[in-house]
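If you're wondering where the values come from, they're calculated on a predicted model, not measured in any experiment.
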Amino acid sequence: MPELHPIDEVAQAFRISVPALRYYEEQDLVRSSERRARVRQYDRDALRRLAYVQLWHDDGMLSLADSRAIVDSGTAEDRRRLIEEQRDAINARIRSLSRAVAVLEHMLGCTTDRALECPVTGGYIEARVDAALSGQDFADDFLPGGSGPMTRRPRVR
């Protein structure tokens, strides 16, 4: 007979709440093996699936829906396609966050009393206004010290 673990023990061991574990069941991410005295019990296969879901949700930073899609994917090709989509989205988010950090770091270090008079900030703002008035998309990284508005003219698409 397989060893079974009650829901509270599983939740504690996997560092999730009991309601979260129940929600995982509702979303068909994991299934309890049986119930004893109305308490959900999980066998090792269920725990493996839970750990696999956590790999994608916690470590891979995917939504539960995306995690389920990968866990339930039928072939390596299907799984690879889903993973590539998620990787590309995360890389885009990393680029966006890196840009935000560059802006914030510059603004923290800027000693100009009026931010719009700063050569970097002012140059960026002027280029952005010019792009808006010309009806073109504005694409600039605002990365002082290498590729920002102080060292090159912002790209206008």
Salt-bridged, Glu85 to Arg81, with N to O below 4.0 Å? yes
Salt-bridge present (Asp28, Arg49; N to O < 4.0 Å): no
Interatomic distance, OG@Ser33 vs CD@Glu3, rounded to 0.5 Å, equals 11.5 Å
Other residues, nucleotides, ligands: >12 heavy atoms within 6.0 Å of [X] [atom1]:
X      : atom1 : answer
Gln12  : CD    : no
Arg87  : CZ    : yes
Asp113 : CG    : no
Glu84  : CD    : yes

Side chain to side chain contact (heavy atoms under 4.5 Å, CB included) filter on Arg36, not counting sequence neighbours, yields Met1, Leu4, Glu34, Gln41
For Tyr23, the hydrophobic cluster (side chain heavy atoms closer than 4.5 Å, chained through members) also holds Ile7, Val10, Phe14, Ile16, Val18, Leu21, Tyr24, Leu29, Val30, Val39, Tyr42, Leu47, Leu50, Tyr52, Val53, Leu55, Trp56, Leu62, Leu64, Ile70, Val71, Leu82, Ile83
Tell me if a side-chain donor or acceptor on Thr112 pairs with a main-chain N or O of Glu117 at a distance below 3.5 Å. no
Ser98 (side chain) donor-acceptor with Ile94 (main chain) under 3.5 angstrom: yes
Side-chain contact test, heavy atoms from C-beta onward, threshold under 4.5 Å: evaluate it for Pro2 versus Arg44 and give yes or no. no
